[in-house]
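This one's a predicted model, so the numbers in the text were calculated from it and none came from an experiment.
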Amino acid sequence: EHARIYHFANGGDAEYYIGSADWRPRNLRRRVEVVTPVRDPACCRQLDAILEAELADPTAWELEPDGGYRQRRPEAGADRRGSQERLLDLASATA
């Protein structure tokens, strides 16, 4: 499952939010979804680490300009661990 973390730069002032679902029309039509700001600096750093792990996933799918998706192909010798493995490492380091 992917995280429901939203990070906005807002003119250089970082804002973080966490939510109960992604903001797709199908999730907003018949349900109530909750999004709340995160203001604690330590929590914001943790959210940044989670986003970094997910965005660095060498096997992630990327949205193309035409609306299609393409899966990344890691280079030979590159760290091939997916975001779930990276998040497990992150959780171990902060426990």
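- With sequence neighbours excluded, the residues that form a side chain to side chain donor-acceptor pair (under 3.5 Å) with Asn10 are Glu15.
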Would you please test Leu63 and Tyr69 for side-chain contact (heavy atoms from CB on, under 4.5 Å) and show each step?
-> CA-CA 5 Å; Leu63 178 62; Tyr69 285 89; 3.7 Å; yes
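- Here the side chain of Gln71 pairs a donor or acceptor atom with the backbone of Thr59 at under 3.5 angstrom.
- Of the listed residues (Val38, Leu47, Asp48), just one forms a side chain to side chain contact (heavy atoms under 4.5 Å, CB included) with His7, and that residue is Asp48.
- To the nearest 0.5 Å, atom CG of residue Leu55 and atom CD1 of residue Ile50 are 11.5 Å apart.
- Under a 3.5 Å cut-off, the side chain of Arg72 and the backbone N or O of Asp57 do form a donor-acceptor pair.
- For Glu75, the CD atom counts as loosely surrounded, since its 6.0 Å shell holds 12 or fewer non-hydrogen atoms of other residues, nucleotides or ligands.
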Trace of the side-chain contact (heavy atoms from CB on, under 4.5 Å) decision for Phe8 with Tyr16 | CA-CA 7 Å; Phe8 300 97; Tyr16 296 85; over 6 Å; no
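- Annotation: Arg70, atom CZ; neighbour count of heavy atoms from other residues, nucleotides and ligands within 6.0 Å is above 12.
- In terms of heavy-atom proximity, Pro58 sits nearest to Pro74 at O-CD, 3.6 Å.
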